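From a predicted model like this one, the values you see are computed outputs, not experimental measurements. All residue numbers refer to positions in the sequence shown, counting from 1.
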Amino acid sequence: MSSKKIADAATKVSHNTYTKKELAGYLTGLAGQNIIYNIIATGLAFYFQSVIFLPAIAVSLIFALARVWDAINDPMMGTIVDKTRTKWGKCKPYLLFIPGVILITTILPFINGMYAEPNEKHEIRLANSTAYVDYADTFASETIKFTDEKAYGDTELFNREFVVSSVSGTWELPKDSDGKVLKYTDADVKSGLINENEVDQTVKNVVMVYELKDGKYEIADEVTAKTVVQEFQNEFGFEKKTGGKAAGIIAWAAISYILWGMTYTIGDIPLWGVTSLMTEDQNDRAKVLSLARAVANVGMIGTLFTMIAPAFQGMFKAKGMDEAHSLQAAYITLAVVMTLFASILFEFAGLSVKERVSTTNEKTYTIKENFKIMFGNKPFRQILISGILRSPIQLLGIVAMTLIMYYFFNNDIGATLSGDNVIGLLLKIGILVIGLFGGMIGFPLFVPKLIKKFEKKTLYNFFTLVGAIPFALIFIFFILYRRGTADGIVTWLGMIVMSILFFMAGASMGSLNVLQSVMIADCVDYEEYNNGIRPDGVFFSGQSFITKLSAGIASLISGAVYAFVGFSDKNIAILNNALINGENFKTYNDGKFAAALFFLVAIPPAIGMALAAIPTLKYALTDKEHTRILDELVARRAGKADDAEETEE
């Protein structure tokens, strides 16, 4: 083909790009897909352990097994996508049909049995301290000892022994003539036994707590008694499933979660891979990917899942459900509602996008061959390794909700928002939120303009190395500025400084996400140029793999830090009771728990960001080389189109 013909061909297809309508539909679908991801990523582990009471070791193994399978499954799914040939293209068919499947697989993990069913010893309430009487042999009693040094060594309960007694003389709940447990009535409200919102709920055993000292039963103080009751419910208040029933519940949790991961991947790979097929203009590609990364953060609405779910609990309690089953029903209900809404949004991507880069004449390869292609493509390999090293950045999402709930709201949003200084507090938190999301969502929108002025490799390494600084400063500022005081950093100065630091950290994080996607798309062009194939599916499966592996690594880091400072299940239960009774999280335990949370969102991400620059310092694909490659690819495609037209004539 003559140079003139090549130039004419390149000009002919230079505007072969997406429309505004296609872009809007794609971004709508992306928002829905990310809501689904965050429902599972932030809510499922809590649901497994704290709602249906799966053993912690089982949950850890399930998530570890899923990460191992992802390492095999993601490239496999990418290969399947790349082998797809339909009249719509290779990515669009999945975007059309997979949202409905993901709707089902997202709900399945929540529709499981209770591993531990609450019994009558769980349905108890602590007597008002003014009603306490001396211990009597006629009480139905159970002894609870706190001798486990690993679980209670750092608590005030360690090596103490208590007796929890039902003053009715029995643990059996009162029932009517039909054998149904009685419910509270308006008369119980008038007597002061219950609050109005407890009417029509099942009656609970009233218990008192005594401490056994030198063979004598001493009445426990109210704060200690509340903690003991909570631990008593955990230890005596459940009948754990055994044998086949227990195995079935654990198997359902494992299989349904892994099935979700597989179907999510089938949707995720083409959702990102289609961006390299929607346009042949690299500036338009950078634009869609920067907008996509910004919109993906809108999907963080899904992180509110765990916080919102208990609000649905009341309507199930009104139907007579106990505490545990009503909470499970609330989670299932919200999972269905949110996932249905998100899946409808997700469907817009399939209905809107068009694949404008032809892949009809490409060769296809086996899964084994695609693995070789992935690791044989040097620039892609560098991006993959860099993304894995940046894994600790995921801690920002994993720990954020815990940090917000405890540090800013003392784990009681209702009480905090009903306080005297609520307006000032909300304004201060608003300053922080604006900084964080302004950085993560707003700043990355400028990345396409930066790409026009600076080398992608330069920008990528700049944001990794310079981005590590504000993350580190977040922890340093927390330690040096009023740590351990009642207000902590929640002052006007403190929140303004934190807002600036989170803006810079979020801007670096968001910009890197955009650059990673753009550079992966460049690697697809690089592979097509050298080997005649566009492995969009396989290469963007690498991005999906990075996201999942990063979440797993970040979870391991947070678990290790929590274990080191004693922020464990038992201590959290004790902490929660202490906060209810007037303690301040900022000063609790000398501020050790608060410091751990700030450490997690700052220091590991800072280290990860700095390490991420190592593989890309000598990045193998320059912008000049990519522009040359892309121009030639455009000409090749146009030439094939001309040849096809001439053949038809």
For the ring pair [X] and [Y], is the centre-to-centre distance below 6.0 Å?
X: Phe53; Y: Tyr115; value: no
X: Tyr257; Y: Phe63; value: yes
X: Phe475; Y: Phe599; value: yes

Under 3.5 Å: donor-acceptor pair, side chain of [X], backbone of [Y]:
X: Gln233; Y: Pro118; answer: no
X: Ser386; Y: Ala612; answer: yes
X: Ser511; Y: Ser508; answer: no
X: Thr339; Y: Leu103; answer: no
X: Trp252; Y: Gly113; answer: no
X: Asn410; Y: Asn584; answer: no

Next on the checklist: Checking Tyr407 against Phe598 for the ring pair (Phe, Tyr, Trp, His ring centres under 6.0 Å) test, could you report, in this order, the C-alpha distance in whole Å, the side-chain angles of both residues, the deciding distance, and whether it holds?
Outcome noted: CA-CA 10 Å; Tyr407 194 83; Phe598 273 96; 5.0 Å; yes
Can you tell me how far apart [atom1] ([X]) and [atom2] ([Y]) are? Round to the nearest 0.5 Å.
X: Trp260; Y: Met262; atom1: CH2; atom2: CE; result: 13.0 Å
X: Met405; Y: Leu403; atom1: CE; atom2: CG; result: 11.5 Å
X: Ile107; Y: Leu340; atom1: CD1; atom2: CG; result: 7.5 Å
X: Asn73; Y: Thr265; atom1: CG; atom2: OG1; result: 5.0 Å
X: Ile62; Y: Phe48; atom1: CD1; atom2: CZ; result: 5.5 Å
X: Leu512; Y: Ile393; atom1: CG; atom2: CD1; result: 8.0 Å

Item to check | side chain to side chain contact (heavy atoms under 4.5 Å, CB included) partner of Ile553, the single match among Pro604, Ser558, Ser391 | outcome: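 Result: among Pro604, Ser558, Ser391, Ser391 is the only option passing the side chain to side chain contact (heavy atoms under 4.5 Å, CB included) with Ile553.
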Do [X] and [Y] touch side chain to side chain, with heavy atoms closer than 4.5 Å?
X: Tyr562; Y: Leu600; answer: yes
X: Val433; Y: Phe502; answer: no
X: Lys204; Y: Ile124; answer: no
X: Leu575; Y: Phe585; answer: yes
X: Leu432; Y: Phe408; answer: yes
X: Ile301; Y: Asn38; answer: no
X: Asp268; Y: Met77; answer: no
X: Leu291; Y: Tyr26; answer: no

Item to check | From CA spacing to verdict: side chain to side chain contact (heavy atoms under 4.5 Å, CB included), Ile144, Glu235 | outcome: CA-CA 9 Å; Ile144 179 169; Glu235 186 171 336; 3.7 Å; yes
Item to check | Test side chain to side chain contact (heavy atoms under 4.5 Å, CB included) applied to Thr224 and Leu157, step by step | outcome: CA-CA 8 Å; Thr224 301; Leu157 296 179; 4.0 Å; yes
Just checking, any donor-acceptor pair under 3.5 angstrom between side chains of [X] and [Y]?
X: Ser326; Y: Gln313; answer: yes
X: His122; Y: Glu117; answer: no
X: Thr263; Y: Thr105; answer: yes
X: Ser517; Y: Arg293; answer: yes
X: Tyr152; Y: Glu231; answer: yes

Next on the checklist: Please determine whether side chain to side chain contact (heavy atoms under 4.5 Å, CB included) holds for the pair Asp70 and Leu549, giving the CA-CA distance in whole Å, both sets of side-chain angles, and the decisive distance to 0.1 Å.
Outcome noted: CA-CA 8 Å; Asp70 284 339; Leu549 180 63; over 6 Å; no
Checklist entry - Which one of Tyr47, Phe110, Tyr37 satisfies the ring-ring contact (aromatic ring centres under 6.0 Å, His included) criterion with Phe305? => result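 Checked Tyr47, Phe110, Tyr37 against Phe305; only one passes ring-ring contact (aromatic ring centres under 6.0 Å, His included): Phe110.
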Please check if atom [atom1] in [X] has more than 12 non-hydrogen atoms from other residues, nucleotides or ligands closer than 6.0 Å.
X: Phe341; atom1: CZ; result: no
X: Lys592; atom1: NZ; result: yes
X: Phe232; atom1: CZ; result: yes

Checklist entry - Yes or no on side chain to side chain contact (heavy atoms under 4.5 Å, CB included) for Phe471 and Val601, after CA distance, side-chain angles and deciding distance? => result CA-CA 8 Å; Phe471 274 107; Val601 300; over 6 Å; no
For the residue pair [X] and [Y], what are the closest heavy atoms and their distance?
X: Ala31; Y: Val295; value: CB-CG1, 3.6 Å
X: Asn119; Y: Glu239; value: ND2-OE2, 3.0 Å
X: Ile36; Y: Ser343; value: CD1-OG, 3.7 Å

Next on the checklist: For Phe593 and Tyr588, take the angle between the two ring planes, folded into 0 to 90°, and tell me which bin it lands in: parallel under 30, tilted 30 to 60, perpendicular over 60.
Outcome noted: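 Aromatic pair Phe593/Tyr588 classed tilted.
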